[in-house]
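Let me begin by presenting the structure, written as structure tokens, before commenting on it.
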Amino acid sequence: MSTIHSHSDVMVKAHLLKIGLELFPVYGDEQRGWSVEATDLYPQTPPSFRYGSIDEIFFALVNLNLCPEGRA
């Protein structure tokens, strides 16, 4: 499932990643990178705020989901 978010001229695709029983919205593509925040993909936001691949953001979300709250 994917949706489109718009801010001025910027179109950002949203995808859902399922980790365990939870669904996480992630935004981006292979060209611009990936983030859990759509605003991280706007041109004025530094690329360092993004994950380089869908695998990287998936790995980060798995780690956050497996650790007790406040320990990730």
- Show your working on side-chain contact (heavy atoms from CB on, under 4.5 Å) between Val36 and Ile57 and close with a plain yes or no. CA-CA 8 Å; Val36 293; Ile57 198 166; 4.0 Å; yes

- Phe59 meets the side-chain contact (heavy atoms from CB on, under 4.5 Å) criterion, sequence neighbours left out, with Asn63

- In short, Lys18 meets Leu23 closest at the heavy-atom pair CB-CD2, 3.6 Å

- Task: Taking all heavy atoms of Leu41 and all of Gly33, pick out the closest pair and write down the distance.
- Result: CD2-O, 3.6 Å

- Query: Ignoring hydrogens and geometry, is there a side-chain-to-backbone donor-acceptor pair from Ser53 to Glu56 under 3.5 Å?
  - Reply: yes

- Message: Is the shortest side-chain heavy-atom distance between Thr39 and Val12 below 4.5 Å?
- Response: no

- Pairs involving residues 19-29, ordered by first then second residue, that meet salt bridge (charged side-chain N to carboxylate O under 4.0 Å, His left out) (sequence neighbours left out): Asp29-Arg32

Transitive ILVMFWY side-chain link [X] to [Y], under 4.5 Å:
X: Trp34; Y: Ile19; result: yes
X: Phe49; Y: Phe24; result: no
X: Ile54; Y: Val62; result: yes

- Message: So, taking the atom named OH in Tyr51 and the one named OH in Tyr27, what distance separates them when rounded to the nearest 0.5 Å?
- Response: 15.0 Å

